[in-house]
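Below you'll find the structure, written out as structure tokens, and then a few comments.
A, B, ... follow the sequence lines: proteins, then strands. Residue 1 opens every chain.
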There are 2 protein chains.
Amino acid sequence: MGVIRKTKSVEALLHEFNTSDEAISAKQLIEQLDSKFNKTTIYRVLDKLEEDGVLHSFLGKEGLKWYAKCNGCSASKHKDVHPHFQCLKCGRVDCLPFSMAIPEIPNRKVEVSQVLIQGLCEKCCV
Amino acid sequence: MGVIRKTKSVEALLHEFNTSDEAISAKQLIEQLDSKFNKTTIYRVLDKLEEDGVLHSFLGKEGLKWYAKCNGCSASKHKDVHPHFQCLKCGRVDCLPFSMAIPEIPNRKVEVSQVLIQGLCEKCCV
DNA sequence: AAATATAACGCAACTTAGTTGTAGTAACAA
DNA sequence: TTGTTACTACAACTAAGTTGCGTTATATTT
Ligand SMILES: [Mn+2]
Ligand SMILES: [Mn+2]
Ligand SMILES: [Zn+2]
Ligand SMILES: [Zn+2]
């Protein structure tokens with residue numbers, strides 16, 4: 001962790017991610033914590049937590065930014081790469097606990113890949 | 001909604017996609033055709049062409065909307081599903097001509113999936 | 001060829017996720 | 001307790017994309 005102070009907003013955000021296993025969108029966090037923190041603060045803390053390897057981010061269905069806890073990442077190395085799943089009915093998003101093989105592509109150098117699978121989640125399936 | 005008239009904007013947009021094999025972002029089309037058509041028109045024609053199975057859309061790196069030609073799709077069935085590649089250096093995007101197997105996920109019903117691979121393109125690789 | 005119906009157009013105003021600049025405040029180490 | 005500066009709130013901004021509406025162009029009918 002680089003230089004990050006234990007401020008109220010940092011603790012509130014970490015609390016959100018520690019009391020849920022799902023991903024949370026920046027939008028949702030801003031709504032939830034609206035009375036307590038300014039949206040700018042939330043965006044900046046999220047940035048910082050990502051830099052420090054505490055969270056990772058990705059884009060969901062409508063191009064919104066989502067965040068989720070990292071497992072075993074650090075400021076210097078983000079190694080926790082995996083696909084994400086978004087429910088088309090309730091909108092919830094979570095990290096899928098496996099990795100997908102990315103094929104080599106002729107004449108191109110693959111560096112990252114992001115996979116977003118969409119469908120019905122456990123709760124909406126039944 | 002099959003009723004589409006052969007207007008100047010429709011022809012101009014189709015021309016863009018017929019003279020290039022790459023995907024093109026809405027943003028780029030608006031810039032390119034700025035002197036000829038209003039951006040609202042461009043967005044609406046792109047919508048229409050997608051509905052009609054002429055184009056398909058997806059989100060790129062920064063959440064921008066990209067479009068590319070469909071192969072063998074129709075208004076009733078979009079069957080042309082494949083990953084996309086975006087170059088981290090020049091920003092260009094194209095369709096990858098193969099399909100990726102999406103794993104089944106326990107207790108979930110997979111419906112769609114979008115894969116965006118990022119790295120260096122053919123031109124930027126050397 | 002003219003009249004008609006309506007799809008498509010341009011424009012301006014709007015929406016909204018996310019960003020930027022800045023002056024004041026609070027965390028933490030000295 | 002004091003000093004440094006990371007962090008915060010606020011307001012103003014950015015930019016991709018959307019919406020409403022009066023006008024224009026395309027295709028169809030007469
Ligand atoms: Mn994840
Ligand atoms: Mn494609
Ligand atoms: Zn669901
Ligand atoms: Zn390139």
Side-chain angles (χ1 to χ4, degrees), chain A residues 1-16 23-68 75 84 86 91-93 114 116, chain B residues 1-17 23-68 75 84 86 91 93 114 116:
Chain A
M1 265 226 218
V3 193
I4 190 164
R5 295 182 176 175
K6 291 226 170 92
T7 60
K8 304 235 164 99
S9 60
V10 169
E11 273 170 6
L13 283 172
L14 288 178
H15 181 259
E16 293 296 319
I24 319 181
S25 65
K27 190 191 174 195
Q28 198 178 323
L29 287 165
I30 287 163
E31 281 164 7
Q32 266 168 46
L33 303 172
D34 186 44
S35 59
K36 293 187 187 142
F37 307 102
N38 188 273
K39 68 172 175 174
T40 311
T41 301
I42 295 176
Y43 280 120
R44 293 207 258 232
V45 171
L46 289 171
D47 273 2
K48 202 105 232 268
L49 292 173
E50 183 170 22
E51 265 177 36
D52 288 353
V54 179
L55 301 178
H56 61 279
S57 76
F58 54 94
L59 301 181
K61 212 154 54 82
E62 253 94 42
L64 288 203
K65 204 160 186 185
W66 289 75
Y67 288 86
H84 293 97
Q86 181 156 27
R92 264 194 287 257
V93 175
Q114 41 174 281
L116 182 68
Chain B
M1 264 206 201
V3 192
I4 190 164
R5 295 180 177 178
K6 292 233 169 85
T7 61
K8 304 230 165 102
S9 60
V10 169
E11 274 171 6
L13 283 172
L14 288 178
H15 180 260
E16 293 296 321
F17 287 98
I24 318 179
S25 66
K27 189 192 175 193
Q28 197 176 324
L29 288 165
I30 288 164
E31 280 164 8
Q32 264 168 46
L33 303 172
D34 186 45
S35 58
K36 292 186 186 142
F37 308 101
N38 187 274
K39 67 172 175 174
T40 310
T41 301
I42 294 177
Y43 281 119
R44 292 205 260 233
V45 171
L46 289 171
D47 272 2
K48 203 109 231 276
L49 290 173
E50 183 170 21
E51 266 178 35
D52 288 356
V54 179
L55 301 178
H56 61 280
S57 75
F58 53 94
L59 300 181
K61 210 154 58 81
E62 252 93 44
L64 289 203
K65 204 161 187 185
W66 290 75
Y67 288 85
H84 294 96
Q86 181 156 27
V93 175
Q114 40 174 281
L116 181 68

On the nucleotide D:dC7, are OP1 or OP2 found under 4.0 Å from the side-chain N or O atoms that A:K48 carries?
yes
Would you confirm whether B:E50, through its side chain, and B:S57, through its main-chain N or O, come within 3.5 Å as a donor-acceptor pair?
yes
So, OP1 or OP2 of D:dA9: does either fall under 4.0 Å of a side-chain N or O from A:T41?
yes
When the distance from CG of B:D34 to C1' of D:dA15 is rounded to whole Å, what number comes out?
14 Å
Among the candidates D:dG17, C:dG18, C:dA8, find the nucleotide nearest to the side-chain atoms of B:Y43.
D:dG17
Does B:R44 get its side chain close enough to the base of C:dG10, under 3.5 Å, for a donor-acceptor pair?
yes
I would like to know whether B:H56 and B:H84 meet side-chain contact (heavy atoms from CB on, under 4.5 Å); could you show each step before the answer?
CA-CA 12 Å; B:H56 61 280; B:H84 294 96; 3.3 Å; yes
Roughly how many Å is it from CG in A:D47 to P in C:dG18, rounded to a whole number?
11 Å
Roughly, in whole Å, what's the span from CZ in B:F37 to P in D:dA25?
13 Å
Can you find an N or O donor on one side and an acceptor on the other, under 3.5 Å apart, linking the side chain of A:T7 with the base of D:dT8?
no
Residue met sooner reading DNA chain D from 5', once B:K8 and B:E31 are mapped to nucleotides
B:E31
With the side chain defined as heavy atoms from C-beta on, A:T40 is closest, among C:dG10, C:dT20, C:dG18, to C:dT20
Nearest-Å distance, NZ (A:K6) to P (D:dT8)?
14 Å
Heavy-atom distance under 4.5 Å between the side chains of B:L59 and A:L59, does that happen here?
no
How close do A:W66 and A:A23 get, counting heavy atoms only, and between which atoms?
CZ3-O, 3.6 Å
Rounded interatomic separation in angstrom, taking NZ from A:K39 and C1' from D:dA11:
10 Å
B:K39 and side-chain contact (heavy atoms from CB on, under 4.5 Å): which single residue from B:I30, B:L29, B:L33, B:D34 fits?
B:I30
Within this structure, what is the CG-to-P distance between B:L49 and C:dA8, rounded to whole angstrom?
10 Å
I'd like to know if B:R5 reaches the base of C:dA7 with its side chain such that a donor and an acceptor end up less than 3.5 angstrom apart.
yes
Go through the steps to decide whether B:I24 and B:V93 satisfy the test side-chain contact (heavy atoms from CB on, under 4.5 Å), and finish with yes or no.
CA-CA 7 Å; B:I24 318 179; B:V93 175; over 6 Å; no
Just how far, in rounded Å, is C1' of C:dT15 from NZ of A:K27?
11 Å
Distance-only donor-acceptor test, A:S9 side-chain atoms vs D:dT8 base atoms, 3.5 Å
no
Side chain of B:N38 only, heavy atoms from C-beta on: which candidate in D:dA9, D:dC7, C:dC11 is closest?
C:dC11
Rounded to the nearest Å, what distance is computed from the CD1 atom of residue A:I4 to the C1' atom of nucleotide C:dA27?
12 Å
Below 4.0 angstrom, which residues in residues 54-66 of chain B have at least one non-hydrogen atom near DNA chain C?
none
Determine the minimum heavy-atom distance between B:L46 and B:A26, stating which atoms define it.
CD1-CB, 4.1 Å
Shortest non-hydrogen pair, A:L116 vs A:K61, comes out as CD2-N, 3.6 Å
